[in-house]
Amino acid sequence: MEASYDPQAVESRWYQVWEDAGVFKPEINPDGEPFSIVIPPPNVTGVLHIGHALNMSIQDVIIRRKRMQGYAALWLPGTDHAGIATQNVVERDLAKEGLSRHDLGREQFIEQVWSWKAKHGDRIKEQVRRLGFSTDWSRERFTLDDGLSDAVGHVFVELYNQGLIYRGERIINWCPRCHTALSEIEVEHENEVGELTHIRYDFTDGSGSVVVATTRPETMLGDTAVAVHPDDDRYKDVTGKTVTIPLIGREVPVVADVGVELEFGTGAVKVTPAHDALDFEISQRHNLPAIKVIDTEANITEAGGEFFGQDRFEAREAIHHALKKQGYIVEVEDHHHSVGHCSRCGTVVEPMLSLQWFVKVEPMIEPSVAPIKDGRARFVPQRWENNYFRWMENLRDWCISRQLWWGHRIPAWYCDACDETIVSVEEPAACTSCGHGSLRQEQDVLDTWFSSQLWPFSTMGWPEETEDLAKYYPTDVLVTAYDIIYFWVARMMMMGVHFTDTAPFQDIVIHGLVRDADGRKMSKSTGNAIDPFDIADEYGADALRLALLQSAAPGHDIPLNIEWIDAARRFGNKVWNAVRFTLNHVEAGSVPAAGGYPTEPGPADAWILSRLGEIITEYDRLLDEYRFSDAVGLLYNFAWSEVFDWYLEMAKTSLRDEAAAATTRQTLGVVIRDLLALFHPVIPYVTEELWHELVGDGLVAAASWPIPSGNTAPTGIDELQSLIVSLRRFRAEHGLSPKRSIDVLIDDPDATAAPWWQDQFTALANVDAVYDGPPAAVAGHTRVTAGKIQAFIPLAGLVDVEAERPRLQKAIAESEKMLERSQAKLDNPNFADRAPAEVVAGEEQRVTEMSAKLEKLRTQLAELV
RNA sequence: GGGUGUUUAGCUCAGUUGGCUAGAGCGCUUCCCUUACAAGGAAGAGGUCAUCGGUUCGAGUCCGGUAACGCCCACCA
């Protein structure tokens, strides 16, 4: 073995081995209880970013541990076709050649996207492998696969037949750049400062005017009314009158509607039903016409008269000027409001009346909230359920049609002759109504999330009743970042409950977003994005995974510091070297893959085995609670500060003792082996490599999960460690070389210091100790203590008396402070009465110990000559 | 406007049924190349746990108010 760990060499070695051995297939544990996770499918033409790395690291920890625990553990991988995102990418590519998708035509364009998919889909697979994620590739899925497309068709038709999908004219969000409708959640609202323009609309009968306030003057071209609140005293007499819209001269009514906010603006609102959701509602209640004045390019339509053809923002300026010139503008004030942008391209979206397909969500809300409310499924951390509830309760119909080419084409056909709409999985041979008209299929495709929402069961073969579906559905855990709870989790819940009568997952583990060291969101445009593969190349995939998991406190964002990754890398080296040390004493390949604990361990062995047992129990508990950061931190600190810093040093001592060497070697082997197994889900590569060195046969990836050995710690271990630390500290404070052996006289009234104890003390504290009780004359000595054990140190020739005085004074001050604190508690009668007995006993013990210690220290100080 | 999160060591963060003498990594100081590891070892300095008030024998931890920063949602014409 090399003296230092080289991640690159090791990490290129194992993935293929795991795959060839079929480790990632649940069939490796044929009798195991099923356990399943479906991966949140990344965009097929994208690349994995650090957020994916976090997301998948968490899932891998869960699934690898379950596998080692003997479950038939399935982690199902796959990718999403990501409609708009992918289409945009390919279109951008075409644009470089001066082409648009229309130049290619629908079929050719789709072919083009498929070839992109072929190229980039493989790249994602490579990346998933590079980071060591243990997905079952034999079950890989893609949302546009035949099977998944069948599921989509099936769901669409079923929902349509149940009246839960309908086609209708509604106000939708239109992206003039992507040329498609968007759902509510694909619109990002950003706060902006705009102008609130107060415009005078004169009554047609010449009896005065009403002033309306708007942030979008250009929409006045499509106004078909002015609305006021029915209870608004200011406008009591105006309802029923008509006003003439400036510039275009149309005469429109003033209506009273409760949708109008009394407090806002002037209390009177211009009504543009074709370009505003509220206005559309008002128009429905008052039978007002809707006039489209902005087209799909965001230009003014012919209905806009002289402004025809202008871009909406140009038109805003032009109309403002025209109004001003003619004296219609009463006031312009700055106004803070939020403006919707396309989440894919950032273009300001245009609310627009449009004929689209919708999912009627209302009937599905209650059933999809119920599993969370009654505990059949739960969010971890739980607080996310409130967001989920609130969102579900305010849900409005979901616009699912997209004017794109890349995606599942809506399975609806229209008859040219009789206008019938036929919705069917298979293309109908003839019109089901008139029987003779020619049919044309709907051009639109479905929102990407329409197929993603079926992912947990469509990937398992639904609607067919497959073995996988029966065995692995519903899934056990869903791991996802909080930013797609609405997009994805809520909808999966809706569809899962609706079509399979069960929540599609039990535990919904929510994690945060990975941010940069300053807490900013990582993005390509800010240039602060950290590429996980650069990290993997430089530090190793294991280091990346360890660093991410160490920081993964439930539901919180993670600022990623390169120092953490560097520290994680050093940990890999540390483990590497611990194994190297072990192999100096334990024959390579001789450690059994499980069990093998010594029946009569030496004291130090018993101690580390007992600690290991405690750690395993606690580690399991934390992992079961999805507290990855705590779990990994626990194991990390145990490995480093207890096993490496203490046990390995103690092993060096006992290995010199022939009688103790055998169990020490045995313990060394199994403890390090168990550490490798426990760490394997977190850092799979280095542990696999080291397992190979230490255990030889088999793979840690397929090994069994460690269980506590049941050892208990020997007496005296705490005193031993404490006294060693005290000696080292004494040495450091007096600037004594660690190499200089110190003579000590030990007073050990309870005879705690057994021979093994004495050996360890001698070696680790570097002392020459005599166990004859206190010296006859304590004068000229100082001492360090641990429990009842005192070590007397002759000062002559070692330390100047005056240098020892402040050390003792400091120690006295510390002890006094603690004694005071405890005494104060005990002096409070309420404390003794109301605190639990064990807490009170703890304080009492502390007082006893501190008093004894203080007394010794004071004596010591007095005796210092 | 509604909701929600954060505020703990110089920096980045843990701290889940209230008992903490408040931890980790990095950084800092001192000593040590002790044959597993200098990507290391030993020892140490550094915190009125944002703030005010409350509950409690006891509060970083629970409750209420305030401030700053952040995020999400909203038919803010």
Side-chain angles (χ1 to χ4, degrees), chain A residues 1 3-5 171 185 189 191 194 196 212-216 219 227 259-261 263-266 268-272 276-282 335-338 351 381 383-384 386-387 390-391 394 396 482-483 485-486 513 517-519 521 547 550-551 553-564 566-585 625 627 629-630 633 636-637 644-645 648-649 652 725 728-733 735-739 766 814 817-818 821-822 825 828-836 838-840 842-843 846:
Chain A
M1 281 177 76
S4 60
Y5 168 54
I171 294 279
I185 50 181
H189 293 272
N191 289 325
L196 189 62
V212 298
T214 182
T215 53
R216 303 196 56 199
T219 61
V260 177
E261 198 66 52
E263 308 297 321
F264 192 89
T266 61
V269 59
K270 53 191 274 318
V271 179
T272 319
D276 184 278
L278 174 64
D279 293 5
F280 179 71
E281 279 178 32
I282 294 175
H335 180 61
H336 296 261
H337 62 151
S338 74
R383 62 186 160 83
W384 288 102
N386 289 324
N387 284 335
R390 189 154 309 130
W391 190 74
N394 296 319
R396 277 175 297 157
Y482 59 72
D483 59 343
I485 293 177
Y486 303 149
L513 307 176
D518 301 319
K521 209 166 184 167
Q550 278 178 307
S551 316
H556 281 124
D557 285 353
I558 298 174
L560 189 67
N561 232 305
I562 206 76
E563 283 85 28
W564 286 61
D566 196 47
R569 181 188 57 121
R570 291 206 296 271
F571 181 74
N573 187 58
K574 188 74 181 172
V575 177
W576 178 270
N577 274 291
V579 171
R580 278 184 71 218
F581 170 77
T582 304
L583 288 171
N584 285 342
H585 305 282
E625 292 175 13
R627 291 166 57 182
S629 166
D630 291 336
Y636 180 100
N637 285 316
F644 303 155
D645 287 346
L648 260 44
E649 294 309 315
K652 288 176 185 173
V725 170
R728 287 170 176 169
R729 187 172 174 177
F730 172 81
R731 209 189 301 261
E733 280 174 357
L736 298 171
S737 166
K739 279 183 286 192
N766 191 18
E814 276 171 12
K817 205 170 138 194
M818 269 195 272
R821 198 189 292 220
S822 295
K825 281 188 190 174
N828 181 343
N830 287 326
F831 177 73
D833 289 351
R834 303 190 192 179
E838 54 189 54
V839 174
V840 177
E843 282 315 321
R846 178 175 296 166

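Just so we're on the same page: letters track the sequence lines, and every chain starts at 1. A quick note: this is a predicted structure, and the numbers were derived from the prediction, not measured.
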K.L.:
Should the pair K652(A) and F581(A) be classed as cation-pi, given the thresholds of under 6.0 Å to the six-membered ring centre and 45° from the axis?
P.N.:
yes

K.L.:
With P as the reference atom in both, quote the distance from G60(B) to G18(B) in angstrom, rounded to an integer.
P.N.:
13 Å

K.L.:
Taking any heavy-atom pair under 4.0 Å as a contact, classify V725(A): base, sugar-phosphate, or nothing.
P.N.:
sugar-phosphate

K.L.:
Check the distance between A36(B)'s P and N573(A)'s CG and give it to me in whole angstrom.
P.N.:
14 Å

K.L.:
Counting only side-chain heavy atoms from C-beta out, which of A14(B), C37(B), A74(B) sits nearest to N577(A)?
P.N.:
C37(B)

K.L.:
Rounded to whole Å, please give me the gap between CD in Q550(A) and P in C13(B).
P.N.:
15 Å

K.L.:
If we take the P atom in both C76(B) and G58(B), what is their distance in whole Å?
P.N.:
49 Å

K.L.:
I need the CG-P distance between N637(A) and C26(B), as an integer number of Å.
P.N.:
11 Å

K.L.:
With respect to the side chain of F581(A), which nucleotide from A39(B), A24(B), A36(B) is positioned closest?
P.N.:
A36(B)

K.L.:
Would you mind classifying the nucleic acid contact of A567(A) as base, sugar-phosphate or nothing, using non-hydrogen atoms under 4.0 angstrom?
P.N.:
sugar-phosphate

K.L.:
Please report the distance, rounded to the nearest Å, between CD1 in I558(A) and P in G25(B).
P.N.:
18 Å

K.L.:
Hey, what's the ring geometry for Y482(A) with W384(A), parallel, tilted or perpendicular (30° and 60° as the breaks)?
P.N.:
parallel

K.L.:
For the side chain of H556(A), starting at C-beta, report the closest nucleotide among C75(B), G5(B), C76(B).
P.N.:
G5(B)

K.L.:
Remember a base hit wins even if backbone is also touched, and classify E261(A) as base, sugar-phosphate or nothing at under 4.0 Å, heavy atoms.
P.N.:
base

K.L.:
Using a heavy-atom cut-off of 4.0 Å across all strands, would you classify A268(A) as base, sugar-phosphate, or nothing?
P.N.:
base

K.L.:
What is the nucleic acid contact for R846(A), judged by heavy atoms within less than 4.0 Å: base, sugar-phosphate only, or nothing?
P.N.:
base

K.L.:
Taking for each residue the nucleotide of RNA chain B with the nearest heavy atom, is it R729(A) or N584(A) whose nucleotide lies nearer the 5' end?
P.N.:
N584(A)

K.L.:
Are the charged groups of K817(A) and E814(A) less than 4.0 angstrom apart, N to O?
P.N.:
no

K.L.:
State which of C72(B), A74(B), A77(B) makes the closest approach to the side chain of Y486(A).
P.N.:
C72(B)

K.L.:
Measure from the side chain of S338(A), starting at C-beta and using heavy atoms only, and say which of C72(B), C76(B), A36(B) lies closest.
P.N.:
C76(B)

K.L.:
Contact class for D557(A) (heavy atom, under 4.0 Å): base, sugar-phosphate, or nothing?
P.N.:
nothing

K.L.:
According to the interplanar angle, ranging from 0 to 90°, do the rings of F571(A) and F644(A) count as parallel (below 30°), tilted (30 to 60°) or perpendicular (above 60°)?
P.N.:
tilted

K.L.:
Of the nucleotides A39(B), A77(B), G5(B), which one has an atom closest to the side chain of R383(A)?
P.N.:
G5(B)

K.L.:
Could you check which of C75(B), C37(B), U21(B) has an atom nearest any side-chain atom of M818(A)?
P.N.:
U21(B)

K.L.:
Name the nucleic acid region contacted by P381(A), choosing base, sugar-phosphate or nothing; use a 4.0 angstrom heavy-atom cut-off, strictly under.
P.N.:
nothing

K.L.:
What is the distance, rounded to the nearest whole Å, between atom NZ of K825(A) and atom P of U56(B)?
P.N.:
18 Å

K.L.:
State which residues pass side chain to side chain donor-acceptor pair (under 3.5 Å) with R390(A); sequence neighbours excluded, sorted by chain then number.
P.N.:
none

K.L.:
Let me spell it out: for each of E649(A) and R390(A), pick the nucleotide of RNA chain B with the closest heavy atom. Which residue's pick is nearer the 5' end?
P.N.:
R390(A)

K.L.:
Check the distance between U21(B)'s C1' and R821(A)'s CZ and give it to me in whole angstrom.
P.N.:
6 Å

K.L.:
Measuring from the side chain of R728(A) (C-beta onward, heavy atoms only), which nucleotide among A74(B), U12(B), A43(B) has the closest atom?
P.N.:
A43(B)

K.L.:
Considering every strand and a 4.0 Å limit on heavy-atom distances, what is the contact class for F280(A): base, sugar-phosphate, or nothing?
P.N.:
nothing

K.L.:
Dump every N/O contact between nucleotides 29-34 of chain B and the protein below 3.5 Å, one line per pair.
P.N.:
residue: C33(B); atom: OP1; partner: K739(A); partner atom: NZ; Å: 3.2

K.L.:
Check the distance between A39(B)'s P and E563(A)'s CD and give it to me in whole angstrom.
P.N.:
17 Å

K.L.:
To the nearest Å, give me how far apart CG (D630(A)) and C1' (G23(B)) are.
P.N.:
11 Å

K.L.:
Side chains of N584(A) and R580(A): closer than 4.5 Å at any heavy-atom pair?
P.N.:
no

